[in-house]
Amino acid sequence: MIPDSRPLYSDEDLRTFLLQDDRRGLEILYKKYYAGLYRFAYLLIKREDLSEDIVLEVFFKLWKIRHHLPEKIAFKPYLYKAAKNLAINTLKKLQQDPLTYDCPDDIPSHQADISQLLEVSDLEDKINIAIQLLPPKCQLVFKLSRYEDMTYPEIADYLNISVKTVENQMGKALKKIREHLKPYLSGI
Amino acid sequence: MDIDSSIWNLMAKKITGALSFREEQMLNAWINQNPGGKEISTELEQIWEHAGQKGGIQHVPDEEIVWEKLAHQVNTYEQSMAMKALGRGADHSKTYRKQATRGNRWGPGKLSISRALLVASMIAILVISTVHFSGYKGMNKATSYPVISFSEFNRLPEKNVEISLSSDSLQVYMLPDKSRVWLNKNTRISYPPDFGDSVRSIWLTGEAFFEIQEDRDKPFIISANGSETRVVGTAFNLKAYEKEDPVLTVVNGKVEFSGDKSRKEKLVLIKGERGTFNRKRGRLIKEKNEEDHFLDWKHILVYRKEISFPSNYLRNEARWKKSLINQTEIRGEIHNIASLATYKNVKLRVSYHKKRKKKNHIITVYKSLGPGETISYKYRLADWFGKTQDLRIEVVDASVSKN
């Protein structure tokens, strides 16, 4: 692997590397986006083995089509979208699609149980449970914003939803998390 | 307190830092009017902050381990591609045409690196050029692969088709009217997807060889560096790199060449003639073409084919007889009919039937074999005790010699 103390390469440089069959291009992109893409895939698919497969496939595909990359490619959205598409395909095979879930206010999620909120004492644990209680799409948008530091337009772009939808989901997410935590927050 | 969802959205935006100035004013106004609003806002900030500490995915598999897997996958893939490239025996010109008319992009991605470098160095040899080719030495050097881009041809039909080649690459394209165009390195052309209704117009920077389909109703017009070339159907070479005076050399037919669109002054050029447009003085010069090698750059395409499909360019003739000790002796010649490539390590498959069993040998003739050259070889079969039938010898493959 290339050491970390590398100069920063622009997308254009990286594209040039790839066009020249120089694997440094692949390696630099891999180092830069591997962890983020893995977590992104995991948020979508919630299985470690499949997330790893997806990340592998994203970079492998990139290498395969390296001579056909668009001229002004922005790798970050490109790779995330590729990961998203692969995740969706995988989910279709598993016959699940978290992206088609909306965020209705009253349907409780099956992933966590409200009673769990009482079981943990730590506020951070409670917050995590509250996040787990969110409906899938809502949860996904919130996590991408919070843990992956993605901007609204980025989330919208990667998930193929409108920025307005991201705004709404974020609003709902915070509203619901606060509702669950309200009894515990008053002490802060 | 019942709070409108738009307020929640604004609050969410606030803690994620996505709030615009106007939205901030709106939110502040709401908070000022609603007691308890400030409290909620603070609570959300607390949630946001604490959510980050134990949330997310704790475990990401080791970067290096996954990289190893990826590297392995890539290696296997590259090997299989190299094998495919060796095994292809068909003429690919048809595929080229199909793809060109459809407006797809493709590059010689199937060539292995060494081949691409070979091609690249051949270009440097063939094209009389001041550019020193030093092969790959990092990203600032010329790329050894063509960069071909069609500006969203399929999705935006109103836009011109653009083809642009980087240094050290060559391609041949079929245009919408079935005219063919060979593009030299660093060349760019652009044209309307289906050409125009009354004329076929195309823009060129760089060097290209045209073989124009005849269409008397629709003249073919090339605009290049201030010059304009009009033809009906013919073949010619047009060199018009940026900062150079356009030079047109006619191979076949009749071509009109002029300095500008008004075509007040124009040259009519025929086979063997050459026109130059002196841009500084705005003058056209007509002369006999004395340069024999003006089309050499175009032959690189031939060369590429030759190095991709060696067996298509190697002819084998052989005779055999049983010797005094009843052993089959084969004598043969291999003739290289390629015009540019030199081959070596020619692999021949010798197959025959012995006692109704099929036998196969691969023999390798190591000598190198230049274009037009013939080499002879001898080979003996281990078939003293039996009848040998259906003896066949064919060229399977060869490697390309760089010298």
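The chains referred to below are lettered A, B, ... by the order of the sequence lines, with proteins before strands, and numbering in each begins at 1. Just the heavy atoms: all of them, side chains too, but no hydrogens, waters or symmetry mates, feed the values below.
- For chain B, no part of A:T151 is nearby; none of its heavy atoms comes within less than 4.5 Å.
- Summarising the geometry, atom CG belonging to A:L79 is positioned 7.0 Å from atom CZ belonging to A:F75; distances are rounded to the nearest 0.5 Å.
- Residues A:E167 and A:V163 meet the side-chain proximity criterion, which asks for heavy atoms closer than 4.5 Å.
- The part of A:Y152 that comes within reach of chain B is its side chain, from C-beta onward, which places non-hydrogen atoms under 4.5 angstrom from that chain.
- Not counting sequence neighbours, the partners of A:Y80 by the ring pair (Phe, Tyr, Trp, His ring centres under 6.0 Å) test are A:F40, A:Y158.
- Looking at B:L10, there are no atoms closer than 4.5 Å to chain A (heavy atoms on both sides), in backbone or side chain.
- Between B:Y77 and A:W63, the distance separating the two ring centers is not shorter than 6.0 angstrom.
- With a 4.5 Å cut-off on non-hydrogen atoms, A:F59 touches chain B through its backbone and its side chain both.
- In this structure, chain A has no heavy atom under 4.5 Å from any part of B:D4.
- Remark: of the listed residues A:N85, A:L86, A:L29, A:D53, A:L86 is the sole one forming a side chain to side chain contact (heavy atoms under 4.5 Å, CB included) with A:V58.
- Contact count versus chain A (heavy atoms, under 4.5 Å) is highest, among B:I15, B:L44, B:V74, for B:V74.
- For chain A, the nearby part of B:T16 is the side chain; its heavy atoms alone come within less than 4.5 Å.
- Looking at A:L26, both its backbone and its side chain come within 4.5 Å of chain B, counting heavy atoms on both sides.
- Shown here are the side-chain hydrogen bond (donor to acceptor under 3.5 Å, both in side chains) partners of B:T76, two or more places apart in sequence or in another chain: there are none.
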